[in-house]
Structure formats: C-alpha cells, structure tokens
Amino acid sequence: MTIFALTYKNAQGIIMKEQKERFNIVADYYKQHYEEILGFVSKHLQYADDAEDVVQNVFVRLLRTEKMITPVTMPSLVYTIARNLIYDYWRHRRSVEEYEHFIAYSGRNEDLDVASIYSAVEITELLERGIARLSNTQRVVLRMNMFDGMQVSEISKTLSLNYKSVENRLGSARKEIRRYMAHMLAS
C-alpha cells in the first residue's frame, strides 16, 4: 500500500470514529432528555402528535448536522433546533389557516364546486412546467432544496459550488417560480 492509501484509510477511520461518537452523544441525550424536550415542545404546540413529530425532527437534524456536537453543546443545539421547528410549525399552520379562510369566505361559497378549484395534480403539473423553464443549475438547486429537503450548505457541497452562488440561484429560481405560478393561476 502507498503512503496515500494508508493516510486515506487512517483519515476514514478517524472520520468514522468521530461520527460514531457524535451519534452516541445524540443517542444518549435523546434517551436522557426526550421527555423534557417533549414537554418543552408540547407547551408551544396544540397537538401531542405534532409535538412528538417535532421532537423526532430535532434529533434527526442533530444527526445530519455538520456542527460540532459535544455533551456541552447539546442542550443549546437541541433547544435552538426545537425553537426553530416550532416557529416553522406555526408559520405553516398560519399559511394553512389563511388558505382555508380564503376558501371558506371568498364569497364564492354558493357556487364553489370541485371544477373551480385547482386540484393538487394540476398545481403539480403547473409547478413542473415552471421548473422546466428554469436554467439547468437553477432547476437542479431548486429540486434539491424543494424535493430532497437539502439546505443551501448541503447543496453547495454536493454540487461543489460557492455557497453564495447556490443561495442566489435558489432565490432567483424561487422568484421565477412564484411569478410563473401567480401568472398561471390567475388566468
């Protein structure tokens, strides 16, 4: 074996050991503090099932994060992620309620029928047509973000692109899709 191969193998071993150590820290914290975190999240949400989902997502994000995780940093990371997921939950709920309110009180209740509302399939088709209009890099970045749930930093690493470049492409792709969807849904 060459020196490079030995060094690469040693580096892989070190990385695997660090990942295993991180996973163990997260698993131990999960076992010890699950009820505490669930109580914190439940206090801020309406439904117990939603609170359990948020707590699970907290620990899934911890397992995926690139940030340094130690027993000392765990509490602050956990509560920061939990707080952010709670904010996301309420933002989503507000959007759903606004849409439901719009449908219920749009003044078209009497003559509202199934044909007058876009179906999910139709909206998906419109979205796909809008995505097809984007440049190749915008399309790839948008799909990775929307459908794969990847963050800008993950996309930039995966595509070997500058963080700001990915951020700009994602922003312009979203803006173009919003413009396209608004135009298509208005007609």
Side-chain angles (χ1 to χ4, degrees), residues 15-16 18-20 22-27 29-30 33-34 37-38 40-42 44-69 73-74 76-100 118-182 184-185:
I15 291 170
M16 294 296 285
E18 288 174 358
Q19 282 181 335
K20 188 174 182 179
R22 259 187 27 199
F23 290 161
N24 287 337
I25 291 170
V26 172
Y29 195 88
Y30 178 82
H33 299 280
Y34 176 79
I37 305 301
L38 183 61
F40 173 77
V41 173
S42 296
H44 294 89
L45 301 183
Q46 292 176 330
Y47 306 107
D49 291 342
D50 293 337
E52 290 175 2
D53 290 345
V54 168
V55 172
Q56 291 299 320
N57 287 337
V58 167
F59 288 98
V60 168
R61 286 207 180 165
L62 279 170
L63 292 172
R64 291 182 177 171
T65 189
E66 297 288 324
K67 294 180 175 36
M68 182 178 77
I69 295 179
T73 62
M74 275 300 288
S76 59
L77 277 173
V78 167
Y79 282 99
T80 299
I81 293 170
R83 187 185 67 239
N84 290 339
L85 289 174
I86 290 167
Y87 291 156
D88 291 347
Y89 170 85
W90 283 111
R91 260 188 244 116
H92 174 73
R93 293 279 302 173
R94 186 179 68 223
S95 297
V96 168
E97 288 172 1
E98 285 175 2
Y99 180 73
E100 288 172 346
Y118 282 99
S119 72
V121 172
E122 291 171 324
I123 290 176
T124 304
E125 288 174 2
L126 284 174
L127 181 62
E128 286 297 329
R129 278 190 239 139
I131 291 173
R133 296 167 48 103
L134 299 172
S135 71
N136 189 41
T137 52
Q138 284 179 323
R139 189 177 8 207
V140 169
V141 167
L142 185 69
R143 285 187 181 282
M144 291 173 90
N145 180 261
M146 281 180 63
F147 301 122
D148 299 336
M150 295 175 74
Q151 301 294 324
V152 173
S153 58
E154 296 170 323
I155 296 170
S156 68
K157 286 180 186 175
T158 303
L159 299 177
S160 300
L161 293 172
N162 183 343
Y163 180 90
K164 274 296 194 188
S165 174
V166 171
E167 193 174 54
N168 290 336
R169 288 179 179 154
L170 181 60
S172 62
R174 285 178 175 165
K175 189 181 294 183
E176 182 61 33
I177 290 297
R178 277 193 299 269
R179 193 177 308 127
Y180 177 78
M181 291 298 287
M184 295 306 290
L185 292 173

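Each residue takes its place number in the sequence, starting with 1. None of the values given here were measured: they were computed from a predicted structure.
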Taking the side chain as everything from C-beta on, heavy atoms only, tell me whether [X] gets closer than 4.5 Å to [Y].
X: R22; Y: L63; result: no
X: M74; Y: I25; result: yes
X: R83; Y: T80; result: yes
X: M146; Y: L127; result: yes
X: N145; Y: R174; result: yes
X: Q138; Y: S135; result: yes
X: L85; Y: Y89; result: no
X: L170; Y: M144; result: no

Checklist outcome for this item: In short, V41 meets I86 closest at the heavy-atom pair CA-CD1, 4.1 Å
Atom pair [atom1]/[atom2] of [X] and [Y] - distance to nearest 0.5 Å:
X: Y163; Y: E154; atom1: OH; atom2: CD; answer: 10.5 Å
X: I69; Y: N24; atom1: CD1; atom2: CG; answer: 11.5 Å
X: L126; Y: Y180; atom1: CG; atom2: OH; answer: 5.5 Å
X: R64; Y: L62; atom1: CZ; atom2: CG; answer: 11.5 Å
X: I81; Y: D88; atom1: CD1; atom2: CG; answer: 11.5 Å
X: T65; Y: L77; atom1: OG1; atom2: CG; answer: 6.5 Å

Next on the checklist: The test is side chain to side chain contact (heavy atoms under 4.5 Å, CB included); show your working for L38 and E52 and say whether it passes.
Outcome noted: CA-CA 7 Å; L38 183 61; E52 290 175 2; 3.9 Å; yes
Next on the checklist: Set out, in order, the CA-CA distance, both residues' side-chain angles and the distance that settles side chain to side chain contact (heavy atoms under 4.5 Å, CB included) for Y34 and Q56, then state yes or no.
Outcome noted: CA-CA 9 Å; Y34 176 79; Q56 291 299 320; 3.7 Å; yes
Checklist entry - For M181 and I123, what are the C-alpha separation, side-chain angles and deciding distance, and is it a side chain to side chain contact (heavy atoms under 4.5 Å, CB included)? => result CA-CA 9 Å; M181 291 298 287; I123 290 176; 4.0 Å; yes
Between [X] and [Y], is there a donor-acceptor pair closer than 3.5 Å when you use the side chain of the first and the backbone of the second?
X: N168; Y: K164; value: yes
X: S160; Y: S156; value: no
X: W90; Y: L45; value: no
X: S165; Y: L161; value: no

Checklist entry - Is the shortest distance from a Lys or Arg side-chain nitrogen in R169 or E176 to a carboxylate oxygen in the other one below 4.0 Å? => result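 Not counted as a salt bridge, because no side-chain N and carboxylate O are separated by less than 4.0 Å.
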Next on the checklist: Below 30° counts as parallel, above 60° as perpendicular, anything between as tilted: where do the rings of F59 and Y29 land?
Outcome noted: tilted
Next on the checklist: Can you tell me if R61 has over 12 outside heavy atoms packed within less than 6.0 Å of its CZ?
Outcome noted: no
